[in-house]
There are 2 protein chains.
Amino acid sequence: MKRDSRLSGVLHVLLHMAEQGAPMTSDQLAKAMQTHPVVIRRILGGLRDAGFVHSEKGHGGGWTIAKSLADITMRDVYDAIGRPSLMAMGNRTEAPGCLVEQAVNAALDTSFLEAEALLLARFGEVTLAQLAADFHARMAARSTSPTAQEHIHG
Amino acid sequence: MKRDSRLSGVLHVLLHMAEQGAPMTSDQLAKAMQTHPVVIRRILGGLRDAGFVHSEKGHGGGWTIAKSLADITMRDVYDAIGRPSLMAMGNRTEAPGCLVEQAVNAALDTSFLEAEALLLARFGEVTLAQLAADFHARMAARSTSPTAQEHIHG
DNA sequence: TTTCATGTAACTTTAAATAGTGCGTGAAAG
DNA sequence: CTTTCACGCACTATTTAAAGTTACATGAAA
């Protein structure tokens with residue numbers, strides 16, 4: 001299956017926006033993400049509606065973070081992009097008449113629901129502030145490393 | 001993303017084979033699963049290699065279960081079909097140069113690996129014998145129910 | 001009033017699962 | 001020994017959802 005990278009993508013975008021301070025345009029963000037500006041607008045649309053980011057048109061416009069990073073969890077972001085399905089596997093048929101399939105579905109559903117619940121709980125425990133802190137720690141580690149030579153895009 | 005239903009499918013097929021007792025041809029199984037015989041052969045190929053089922057050519061041939069249902073877990077079946085990825089989401093880029101993305105990936109990976117581990121552990125706890133027992137319980141419940149009228153395919 | 005930037009709809013491309021075709025192989029029936 | 005049955009496998013086609021792209025409208029600042 002083609003794996004959905006929207007969550008990964010939005011988190012990346014949000015952290016870049018937070019680092020920047022000033023409003024960033026969809027074009028700038030698209031460059032940093034190596035994707036298309038429209039994809040950025042689409043992906044940030046849900047976050048705007050949820051109140052996590054703000055967008056401004058015209059000169060000097062662009063995207064800004066509307067809340068403190070400490071007040072946004074990965075779970076919030078996941079919800080804001082529309083809660084895409086987390087599991088790559090599903091049942092062959094939902095609501096099958098075949099009792100064998102019902103038994104199989106029940107067993108699989110139990111496990112999948114448990115795994116999803118765990119995942120969402122973990123998402124809820126991680127704030128963007130923590131991710132930003134991890135990023136800064138990596139920055140520090142790189143700048144003191146003797147082999148540090150890569151640069152940061154965006 | 002398109003959700004993978006191979007695990008669901010193969011469990012379904014195995015239980016039907018177990019119910020039958022006698023060898024079942026790919027055509028029969030395909031009818032029961034409302035799919036193509038080749039799909040059945042493909043899906044059962046991995047299980048044959050893993051020793052869970054046996055296939056016989058020619059007249060009177062077909063597929064049979066090669067082990068006791070109590071000795072096959074959902075985890076075994078998952079492994080036999082090639083351990084397809086369980087999570088529908090992935091990182092935008094593996095091994096990114098961008099430190100922001102590294103921080104995001106690390107956080108997501110932690111959660112995903114935990115959820116996958118839980119899922120596999122649960123799979124390992126469920127045997128096909130348990131699924132068959134659940135199926136029989138559903139059979140009994142249906143036959144005593146006043147509204148029982150659906151039939152079992154296959 | 002021109003330029004910049006988002007908002008959105010429609011369309012195209014791409015990746016992965018699933019479906020299907022054709023032909024080869026081997027075993028049993030007649 | 002030849003026909004029929006059934007799996008084995010390589011290859012192609014279809015389908016679905018994500019991702020990418022184009023086109024144009026809207027609204028704000030220079």
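Below, chains carry the letters A, B, ... as their sequence lines are ordered, and counting in each starts from 1.
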Enquirer: In this structure, how many angstroms lie between the P atom of D:dA6 and the NE2 atom of B:H54, rounded?
Expert: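 In whole Å, D:dA6 P and B:H54 NE2 are 15 Å from each other.
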Enquirer: Looking at residues at least two apart in the chain, or sitting in another chain, which of them share a side chain to side chain contact (heavy atoms under 4.5 Å, CB included) with A:A137?
Expert: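 Listed in chain order: nothing, the list is empty.
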Enquirer: What integer distance in Å separates B:Q34:CD from C:dA19:C1'?
Expert: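 Computing the B:Q34:CD to C:dA19:C1' distance gives 14 Å.
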Enquirer: Rounded to the nearest angstrom, tell me the gap between atom CG in B:D4 and atom C1' in C:dA15.
Expert: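 These atoms are roughly 14 Å apart.
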Enquirer: Does A:R48 put a side-chain nitrogen or oxygen below 4.0 Å from OP1 or OP2 of C:dT8?
Expert: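 Looking at the OP1 and OP2 atoms of C:dT8, one of them is under 4.0 Å from a side-chain N or O of A:R48.
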Enquirer: Taking all atoms of both residues into account, what is the closest heavy-atom pair of B:P84 and B:Y78, and its distance?
Expert: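 What the structure gives for the nearest pair is O-OH, 2.7 Å.
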Enquirer: Whole angstroms only, please: what is the CZ-C1' distance between B:R3 and D:dA18?
Expert: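 Answer to the nearest Å: 15 Å.
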Enquirer: Nearest 0.5 angstrom please: A:M17 CE to A:I40 CD1, how far?
Expert: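 With rounding to 0.5 Å, CE (A:M17) is 10.0 Å from CD1 (A:I40).
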Enquirer: Residues in side chain to side chain contact (heavy atoms under 4.5 Å, CB included) with B:V39, at least two apart?
Expert: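 So B:V39 forms a side chain to side chain contact (heavy atoms under 4.5 Å, CB included) with B:T35, B:H36, B:R42.
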Enquirer: Ignoring backbone atoms, establish whether B:S26 has a side-chain N or O less than 4.0 Å from OP1 or OP2 of D:dC7.
Expert: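 For D:dC7, OP1/OP2 do have a side-chain N/O of B:S26 under 4.0 Å.
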Enquirer: Taking OP1 and OP2 of C:dG7, is either one under 4.0 Å from a side-chain nitrogen or oxygen of A:S55?
Expert: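 Yes, A:S55 has a side-chain N/O under 4.0 Å of OP1/OP2 on C:dG7.
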Enquirer: Can B:R138 and B:D134 be counted as an ion pair, charged N to O under 4.0 angstrom?
Expert: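 A salt bridge links B:R138 with B:D134.
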Enquirer: Let me know, please, whether B:D27 or A:P84 comes out on the 5' side of the other along DNA chain D by nearest nucleotide.
Expert: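 Looking at DNA chain D, the more 5' nearest nucleotide goes with B:D27.
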Enquirer: Tell me whether the side-chain N/O atoms of B:T25 come closer than 4.0 Å to OP1 or OP2 in D:dC5.
Expert: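 Indeed not, no polar side-chain atom of B:T25 lies that close.
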Enquirer: Quick one: A:Q28 CD to C:dC4 P, roughly how many Å, whole number?
Expert: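 Spelled out: CD on A:Q28 to P on C:dC4 is 13 Å.
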Enquirer: Taking CG from A:L44 and C1' from C:dG7, how many angstroms apart are they, rounded to a whole number?
Expert: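 It is 13 Å, rounded to the nearest whole Å.
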Enquirer: I'd like to compare against my own output: the B/S/- annotation of nucleotides 21-30 of chain D with a strict under-4.0 Å heavy-atom distance to protein.
Expert: BB---BBBB-
Enquirer: Assess the residue pair A:S55 and A:L44 against the criterion (side-chain contact (heavy atoms from CB on, under 4.5 Å)); give the C-alpha distance rounded to whole Å, side-chain angles, the decisive distance to 0.1 Å, and a yes or no.
Expert: CA-CA 9 Å; A:S55 64; A:L44 287 181; over 6 Å; no
Enquirer: Is there a side-chain contact (heavy atoms from CB on, under 4.5 Å) between A:E125 and A:T73? Walk through the geometry before answering.
Expert: CA-CA 7 Å; A:E125 289 165 3; A:T73 66; over 6 Å; no
